[in-house]
2 protein chains.
Amino acid sequence: MAQLMASTNPAFMNGVPELLVLRLLRSREMYGYEIVQAIREETGEVVNLAEGVIYPLLHALERGGALTSRRTAVNGRSRIYYALSPRGVSRLDELTGLWSRLTQALHQVIKGEGYVPGV
Amino acid sequence: MAQLMASTNPAFMNGVPELLVLRLLRSREMYGYEIVQAIREETGEVVNLAEGVIYPLLHALERGGALTSRRTAVNGRSRIYYALSPRGVSRLDELTGLWSRLTQALHQVIKGEGYVPGV
DNA sequence: GCCATATACCTATTGCCTATAGGTATGATG
DNA sequence: CATCATACCTATAGGCAATAGGTATATGGC
């Protein structure tokens, strides 16, 4: 579709990796490689984010103060566990709210029922 | 949030303008300026896409064969009405399916394990 | 002992698509 | 006769996902 529909930037994925990572870390501490697989499994293969997406994102979130990290050796291998900070929690709430409002708004348009003002 | 949370590329908007434009044009022929306002109104002000987003998108969609256009004068002003082509219909179906699968997958992850969103 | 696979981390580069910030021109309102 | 609404337009910036590499250790098969 011309410039649209690229190989990179597939439709609707903007912000989704961040939301998923934050949401997964809300339940428990996890490490990068584990997060990659958890996203694939918990979305039923619908979302499949490579390590090249997740690792830079984890670093950016940590730099931004949303995550803290802890390095440990498990079975002779090094793992870096990430945990949500209070700031990460509020960012998650923010993104969840945005996502919720957007999906509701789009649902209304897609379903073809006009906007119902008021409430 | 560091590199995240930019002024441009706000979360979750990737692909949304295209989906909205195609969906609106499914009901009837519309012109650009009208689409801009329809998006604002029908999403209940949740989505507000400026003309600088919509016009280039309409041009790209027409170039890609998803839309056809028709120029008319109304009240001494020039309007360009756009209509969905068969290709635009299948593109809309494709995007709608993608959107549906993504929202369902995310819903599952977001609501999982009784997460109570912050007030 | 060796080699493929799984685990576990990493970075550099590409490029789409949204957002911003302008611009032109006509009709209507006060 | 100026301001606002209508109606079109383009150029530029930049964030974020995707790709495609890379390093290194453990494990199981042959």
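In what follows, every heavy atom counts, from backbone to side chain, and hydrogens, waters and symmetry copies are set aside. The sequence lines fix the lettering, A, B, ..., with proteins before strands; numbering per chain opens at 1.
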*With a 4.0 Å cut-off on heavy atoms, is B:Gly52 in touch with a base, just the backbone sugar-phosphate, or nothing at all?*
base

Discussion item. Between B:His59 and D:dC8, is there a contact of a side-chain N or O with OP1 or OP2 at under 4.0 Å?
Written reply: no

Between CG of B:Leu49 and P of C:dT20 the distance, given in whole Å, is 10 Å

**Asked** Going through the distances and angles, do B:Phe12 and A:Leu19 end up as a side-chain contact (heavy atoms from CB on, under 4.5 Å)?
**Response** CA-CA 10 Å; B:Phe12 311 128; A:Leu19 174 57; 3.9 Å; yes

A:Arg23 bridged to A:Glu42 by N-O distance under 4.0 Å:
no

Taken to the nearest whole Å, CG/A:Leu95 to C1'/D:dC16 is 13 Å

Legend entry - Polar contact flag, side-chain donor to acceptor under 3.5 angstrom, B:Arg70-B:Thr68: no

At 4.0 Å (heavy atoms only), tell me whether B:Pro17 reaches a base, stays on the sugar-phosphate, or touches nothing.
sugar-phosphate

Taking 4.0 Å as the cut-off, does a side-chain nitrogen or oxygen of A:Tyr31 come that near to OP1 or OP2 on C:dA8?
yes

Rounded to whole Å, the CE-P distance (B:Met13 to C:dC17) equals 14 Å

When rounded to whole Å, the CG to P distance for the pair A:Asn75 and C:dA6 reads 17 Å

Exercise. Fit a plane to each ring of A:Tyr81 and A:Tyr31, take the angle between them on a 0 to 90° scale, and name the class: parallel (under 30°), tilted (30 to 60°) or perpendicular (over 60°).
Key: perpendicular

* Would you say B:Arg79 reaches D:dA7's phosphate, i.e. side-chain N/O to OP1/OP2 under 4.0 Å? -> yes

Query raised in the report: Taking atom CZ of A:Arg40 as the centre, does the number of heavy atoms from other residues, nucleotides or ligands within less than 6.0 Å exceed 12?
Result: yes

* Asked: Under 4.0 Å between a side-chain N/O of A:Tyr55 and OP1 or OP2 of C:dC9, yes or no?
  -> yes

By nearest-nucleotide position on DNA chain D, the 5'-leaning member of A:Ala50 and A:Arg77 is A:Ala50

The reported gap from CD1 in A:Ile54 to CG in A:Leu24 (rounded to nearest 0.5 angstrom) is 8.5 Å

note: A:Arg40, atom CZ; C:dA6, atom P; distance rounded to Å ~ 11 Å

Between CZ of A:Phe12 and P of D:dA18 the distance, given in whole Å, is 13 Å

query = Base, sugar-phosphate alone, or nothing: which one does B:Gly32 contact when heavy atoms must sit under 4.0 Å apart?
reply = sugar-phosphate

For D:dC8, does OP1 or OP2 lie under 4.0 Å from any side-chain N or O of B:Tyr33? no

Rounded to whole Å, the CD1-P distance (A:Ile54 to D:dT19) equals 13 Å

Of D:dT6, D:dA18, C:dC17, the nucleotide closest to the side chain of B:Gln37 is D:dT6

Testing D:dC9, C:dG27, C:dA19 for proximity to the side chain of B:Val53, the answer is C:dA19

Closest to the 5' end of DNA chain D, once A:Asn48 and A:Gly76 are matched to their nearest nucleotides, is A:Asn48

Taken to the nearest whole Å, CD1/B:Ile80 to P/D:dA7 is 12 Å

Any donor-acceptor pair, under 3.5 Å, between the side chain of A:Glu51 and the base of C:dC9, if you only look at N and O atoms? yes

